[in-house]
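Just so you know, ligand 1 is whichever comes first in the structure, and atom 1 is the first atom listed for that ligand.
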Amino acid sequence: MSRACGGNGGVIINVSSMAGLMPAPQQPVYTATKCGVIGFTRAMAETSKRENYGVRINTMCPAFVNTPILKTIDEEENMGKYFKDRDAIRKMMSNFGILEPAAVADGLMKIIEDETLNGAVMKITKTKGIHFEDYATGYLQEVQEVVMRKDPEEANEEVTESRKC
Ligand SMILES: NC(=O)c1ccc[n+]([C@@H]2O[C@H](COP(=O)([O-])OP(=O)(O)OC[C@H]3O[C@@H](n4cnc5c(N)ncnc54)[C@H](O)[C@@H]3O)[C@@H](O)[C@H]2O)c1
Ligand SMILES: CCCCC[C@H](O)CC\C=C/C=C/C=C/[C@@H](O)[C@@H](O)CCCC(=O)O
């Protein structure tokens, strides 16, 4: 797909979850995987931009969606020691509501059609619909930009200087 390898470019949509943004104590491994999807997507999107792959890489974080996966919490073999906590997940489903798969399809189409989206973390929830996580630029982002631009010594001086103000 990458133009760097003779491909025509395109868009990749990784599927995370709101659990990647709001830790689910009853599903720590699932939470870790979904956090990883977000971090990997944002890193690869930046790589693709810097290397001119011509590939937009985004992720979507749906809340609860009406699919068979929701029934997996009823099986102790899936939940392990957290099986005793399944009512807490059921309560979250009741509190947050359950989306229909069409809402996720709408999010997919938006990412495909909006060519400005790269490194975007789309949230899809019953209460707010489609919206995006806002990673406001801050000190760490500035440091990364300086470091990626200069050699280590020069970058270190600039960062040290900027911290004096
Ligand atoms: N349903 C939700 O509430 C929800 C919310 C947020 C994120 N997600 C994520 O969305 C993704 C899809 O979940 P879902 O709700 O559709 O789950 P699901 O279990 O209902 O459906 C998953 C489908 O993928 C198929 N599958 C499994 N392994 C496969 C493979 N190696 N190759 C091809 N197909 C394979 C299964 O047969 C199944 O039909 C998952 O990554 C899940 O974590 C789901
Ligand atoms: C049940 C097993 C499969 C897990 C399926 C999902 O991946 C788990 C989703 C986990 C948490 C969902 C949280 C949803 C929160 C939203 O509804 C939202 O209203 C909370 C406010 C945050 C926001 O919208 O920015």
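Using a cut-off of 4.0 Å between Lys/Arg side-chain N and Asp/Glu carboxylate O, R50 and E46 are scored as salt-bridged.
Considering only residues two or more places apart in sequence or on other chains, E133 meets the salt bridge (Lys or Arg N to Asp or Glu O under 4.0 Å) condition with K123. By the salt bridge (Lys or Arg N to Asp or Glu O under 4.0 Å) test, D74 pairs with R90, sequence neighbours left out.
Taking 4.5 Å as the limit, every side-chain heavy atom of T125 sits out of range of all side-chain heavy atoms of I130. Within the 4.5 Å cutoff, the side chain of R42 has heavy atoms near those of the V121 side chain. In this structure, the side chains of L99 and N66 stay at 4.5 Å or more apart for every pair of heavy atoms.
Following chains of ILVMFWY side-chain contacts shorter than 4.5 Å, one cannot reach L21 starting from V15, and the two form parts of different hydrophobic clusters.
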Contact table ligand 2 N or O to protein N or O, d under 3.5 Å:
residue  : atom   : partner : partner atom : Å
ligand 2 : 7 (O)  : S17     : OG           : 2.7
ligand 2 : 7 (O)  : Y30     : OH           : 2.5
ligand 2 : 19 (O) : T127    : OG1          : 3.1
ligand 2 : 24 (O) : H131    : NE2          : 3.2
ligand 2 : 25 (O) : K123    : NZ           : 3.0
ligand 2 : 25 (O) : H131    : NE2          : 3.4

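Residue-environment remark: CZ (F40) stays at or below the threshold of 12 foreign heavy atoms within 6.0 Å. K110 NZ: 12 or fewer foreign heavy atoms inside a 6.0 Å radius.
Sorted by chain then number, the residues whose non-hydrogen atoms approach ligand 1 to under 4.0 Å are V15, S16, S17, Y30, K34, P62, A63, F64, V65, T67, P68, I69, L70.
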